[in-house]
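Throughout, protein chains are lettered first and strands after them, A, B, ... in sequence-line order, and every chain is numbered starting at 1.
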2 protein chains.
Amino acid sequence: MSVGIRHDDLRRRNRAMVISAVRRAGQPSRTEIAATTGLSHSTISAISSDLIQEGILAESKPGETGALKRGRPQVGLALNPEAAAVMTVVLSLNFLSVTVIDYAGQVVAEEQRRLDTLTMPRDELIGECTAIVRRRLEDPDLDVQSIARIAMGIQGITDSQARAMLWSPITPLTDIAFADILEAEFGIPATMENDCNMMAVALQWRQPERYRDNFIAILLSHGIGMGLVLKGELFTGTHSSGGEFGHMIHRPGGALCRCGRRGCVEAYAGNYAIWRSAKMMSEDAEPVDVGDADMRALAARARETDGPEREAYRKAGEALGFGLGSLFALIDPAPVAMVGVSAAAFDLIEPALREAIAQTAGGQHSKSISFDTEPNELPLIREGCAMRALSFVDQEIFAPGIQAKAGKHVA
Amino acid sequence: MSVGIRHDDLRRRNRAMVISAVRRAGQPSRTEIAATTGLSHSTISAISSDLIQEGILAESKPGETGALKRGRPQVGLALNPEAAAVMTVVLSLNFLSVTVIDYAGQVVAEEQRRLDTLTMPRDELIGECTAIVRRRLEDPDLDVQSIARIAMGIQGITDSQARAMLWSPITPLTDIAFADILEAEFGIPATMENDCNMMAVALQWRQPERYRDNFIAILLSHGIGMGLVLKGELFTGTHSSGGEFGHMIHRPGGALCRCGRRGCVEAYAGNYAIWRSAKMMSEDAEPVDVGDADMRALAARARETDGPEREAYRKAGEALGFGLGSLFALIDPAPVAMVGVSAAAFDLIEPALREAIAQTAGGQHSKSISFDTEPNELPLIREGCAMRALSFVDQEIFAPGIQAKAGKHVA
DNA sequence: CAGTATTTTTTCGAGGCTCGAAAAAATAGA
DNA sequence: TCTATTTTTTCGAGCCTCGAAAAAATACTG
């Protein structure tokens with residue numbers, strides 16, 4: 001089944017380990033790397049010397065170590081920003097944004113653009129994406145040699161191979177293999193990532209203490225999305241990006257969901273559902289787009305008076321709570337990050353959510369389940385895509401190195 | 001984070017690979033192993049020669065290869081049955097059974113015993129388990145030197161470290177660290193496994209074509225349990241055995257579940273729930289144990305006439321369908337095995353189940369979701385425990401070998 | 001300011017592992 | 001009996017990691 005380990009895999013894996021230790025720790029010394037990886041000092045010395053020679057790592061200036069200790073001072077190793085560059089492309093409702101990121105993770109260029117994703121025909125949507133990428137690639141101000149990888153993020157369902165968007169709420173179009181399109185167009189390896197998965201990846205890098213092995217990122221926006229990390233790894237479905245938390249069934253045969261079915265969590269907790277409920281519309285009413293400003297106004301009104309607005313948030317909390325309860329029945333409770341515009345109204349949602357979750361098997365220790373909120377999803381998605389692309393460069397390009405044997409001829 | 005690969009890990013991993021190739025394939029030749037593992041012939045030759053010398057593998061008699069080809073005939077490698085033995089202990093409602101299994105997976109001894117698990121006090125229940133194990137261990141007829149591992153399986157929730165039963169429907173007792181108890185008593189490494197997880201493990205060995213990377217085993221019995229395999233690996237929760245499919249919420253605030261909560265899938269699809277519904281009892285009625293014979297009679301009656309019995313099965317199907325739909329929303333659809341006494345009534349359950357699942361996001365291709373049934377769960381649980389224990393011996397005892405260095409002194 | 005203690009990093013065999021090539025082994029067909 | 005064919009073993013080469021010792025770089029001490 002799984003394949004044996006060759007002798008050369010050893011070096012590749014250990015190189016990968018060193019690179020990722022540096023990416024995680026910032027400026028670790030060789031000694032620190034040896035400690036975290038469990039490899040011997042000699043090995044770390046050999047590997048890091050190779051990596052420096054190849055221009056992947058660089059010794060960072062000393063000084064910053066703060067408290068000076070006795071003995072030879074540690075030399076920090078850092079990622080060489082010029083070793084490579086990657087690009088992120090994030091497509092969301094009526095909005096397209098691109099960033100170029102150096103190997104150390106700093107943004108070196110960006111471009112953003114409004115467009116009407118809901119009505120745009122297929123060719124045009126694809127054209128806008130390739131055009132914005134091309135503009136960035138051909139920008140003479142860009143002083144990176146070449147882009148090693150593109151990570152594209154999109155709201156909606158992607159396939160599990162990270163090649164295509166299968167379905168998205170931002171467009172009626174389906175099955176667009178953006179990864180293949182970008183690769184064909186620019187000859188740069190590309191992937192197509194799900195927005196919520198990228199949020200989870202970003203949280204893992206931003207707050208590794210809180211979001212490490214098991215946690216959940218939930219997008220509370222027009223739709224309800226989820227990124228799930230289990231045992232330190234992003235969880236995806238077997239065929240798709242998976243984790244369609246918003247379409248777990250809350251009430252069989254219940255309110256009309258944007259997906260056309262009934263009773264999904266999203267049909268109670270998505271922006272349109274909260275809006276519909278607050279405006280006392282029927283649960284069968286066709287979902288409509290609600291602007292962020294309108295949602296903020298709605299939340300403000302819900303805080304003011306105990307009317308249908310507050311009740312709408314209560315219902316949303318209930319749906320989310322029962323959904324989370326079912327999820328926790330499957331995977332056990334874990335920290336949750338609530339992201340998106342309605343996360344800013346989490347104070348209105350939380351009481352009903354906790355009450356509901358306490359009634360479920362997964363919510364046995366509902367008080368210990370902790371929530372964190374982050375109203376703005378876009379930066380997270382961008383960061384996640386960036387880290388995703390950089391990790392690819394780390395693992396697939398730099399870890400194997402210059403194919404050992406070929407390199408030896410030179411030396 | 002994860003640890004570097006040492007030089008000696010290499011051999012250990014490749015030995016493990018060879019052993020598992022033999023366990024999977026039955027009697028593969030060295031050449032076949034080289035092909036499946038991707039390692040070179042020389043390496044396989046070296047490793048298998050070691051393993052044979054250590055008494056772990058044995059060259060099997062030729063002959064059985066069937067069509068004789070030109071050239072040197074392949075020599076099949078097989079597990080040496082006498083290399084080790086393991087024990088399984090399965091505790092289910094009013095029933096305790098133990099088997100001793102040789103290294104090749106054959107049952108060499110067994111004992112079964114009825115007992116009243118529901119009323120038994122803690123000490124007595126533990127005592128019965130240790131006593132039956134002791135009897136088997138001390139049996140003079142048993143011609144295995146020693147038991148290398150005990151895998152105990154139980155209905156209910158276990159912790160994710162496989163040390164303890166946390167909660168079980170077969171006893172009011174909770175938190176019994178059976179693994180620790182057995183280890184302390186007999187000095188043999190032991191684990192405490194969840195019954196449905198073991199069903200899944202057994203299915204993976206029994207039908208690897210159908211149940212390989214992603215599948216679901218659902219126990220339809222008094223309670224509803226699930227074993228889930230994703231990407232070829234058993235899925236467990238972060239703290240517990242996880243996969244409490246039966247306690248996902250089907251109808252918030254709905255029928256009374258055995259767990260004390262309301263609206264769980266099990267409260268509609270467990271034996272007691274079907275019984276309660278068929279007998280036109282209230283959804284609040286206290287769950288009662290229903291014998292397998294009674295359930296079979298109920299199913300027969302449901303097949304005969306379109307009365308409350310049939311309706312009860314319909315409701316069960318609906319609950320299972322919506323539950324599966326929610327599950328499939330998270331992990332994408334996968335083959336399902338229905339196990340247990342009510343799996344024999346799957347013909348009554350399936351129509352409503354498929355109808356419900358078709359109304360969910362996960363059920364988009366509901367027709368392509370395939371179900372298989374297996375009315376008897378006990379043999380599966382036993383087999384799963386056996387394979388689990390044997391895999392442990394493969395990976396943890398035989399793969400590392402005689403600690404290389406220590407062994408070299410002899411040679 | 002020289003010497004010592006301390007810590008980090010590099011150097012240098014030793015021992016292991018896998019691999020490819022070639023040899024050896026074992027059999028069917030001619 | 002010889003040849004072709006296939007499987008398995010043997011053997012040397014090339015890497016890789018490791019431990020120990022050396023080298024490097026700094027703080028402390030008198």
Just by distance, with hydrogens left out, do B:T236 and B:S241 show a side-chain donor and acceptor under 3.5 Å apart?
-> no
Between B:H41 and A:L10, name the one whose nearest nucleotide on DNA chain D is closer to the 5' end.
->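 Mapping each residue to its closest nucleotide by heavy atoms, the 5'-most match is B:H41.
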Nearest to side-chain heavy atoms of [X], which nucleotide of [options]:
| X | options | value |
| --- | --- | --- |
| B:Q74 | D:dT7, D:dA25, C:dC19 | D:dT7 |
| B:S40 | C:dC19, C:dT9, D:dG19 | C:dC19 |
| B:S45 | C:dT8, D:dT17, D:dT8 | D:dT8 |
| A:S42 | C:dA21, C:dC12, D:dT9 | C:dC12 |
| A:P73 | D:dT26, D:dT9, C:dT9 | D:dT26 |
| A:R70 | C:dA26, C:dA5, D:dA23 | C:dA5 |
| B:V75 | D:dT8, D:dT17, D:dT26 | D:dT8 |
| A:R30 | C:dT10, C:dA26, D:dT17 | C:dT10 |

Identify all side-chain donor-acceptor contacts of residues 387-398 of chain B below 3.5 Å with residues at least two apart in sequence or on another chain.
| unit_1 | atom_1 | unit_2 | atom_2 | d |
| --- | --- | --- | --- | --- |
| B:R388 | NH1 | B:E193 | OE1 | 3.4 |
| B:S391 | OG | B:M387 | O | 2.8 |
| B:D394 | OD1 | B:R23 | NH2 | 3.2 |
| B:D394 | OD1 | B:Y103 | OH | 2.5 |
| B:D394 | OD2 | B:R23 | NE | 2.6 |

Sorted by position of nearest nucleotide on DNA chain C, 5' first, the leading residue of A:S49 and B:I44 is A:S49
Between [N] ([atom2]) and [X] ([atom1]): distance, integer Å:
| X | N | atom1 | atom2 | answer |
| --- | --- | --- | --- | --- |
| A:I33 | C:dT10 | CD1 | P | 11 Å |
| A:I5 | C:dG16 | CD1 | C1' | 15 Å |
| B:L39 | D:dT9 | CG | P | 15 Å |
| B:I47 | C:dC19 | CD1 | C1' | 12 Å |
| A:R12 | D:dC15 | CZ | P | 17 Å |
| A:M17 | D:dC16 | CE | P | 16 Å |
| A:R15 | D:dC16 | CZ | P | 10 Å |
| A:D9 | C:dC19 | CG | C1' | 13 Å |

Check this one for me: any side-chain N or O of [X] less than 4.0 Å away from OP1 or OP2 of [N]?
| X | N | answer |
| --- | --- | --- |
| B:T31 | D:dT8 | yes |
| B:R11 | C:dG16 | no |
| B:N14 | C:dC17 | no |

Within the modelled atom types, does a donor on one side and an acceptor on the other bring the side chain of B:R72 and the base of D:dT6 under 3.5 Å apart?
-> no
Any N or O donor-acceptor pair linking the side chain of B:H7 to the base of C:dG15 at under 3.5 Å?
-> yes
[Y]/[X] salt bridge by N-O under 4.0 Å criterion:
| X | Y | result |
| --- | --- | --- |
| B:D213 | B:K231 | no |
| A:E54 | A:R15 | yes |
| B:D9 | B:R6 | no |

Please name all residues satisfying side chain to side chain donor-acceptor pair (under 3.5 Å) with A:Q106, sequence neighbours left out, ordered by chain then number.
->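 If we apply the side chain to side chain donor-acceptor pair (under 3.5 Å) test to A:Q106, skipping adjacent residues, there are no hits.
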Quick one: label A:D8 by what it contacts on the DNA or RNA (base, sugar-phosphate, nothing), any heavy atom closer than 4.0 Å.
-> nothing
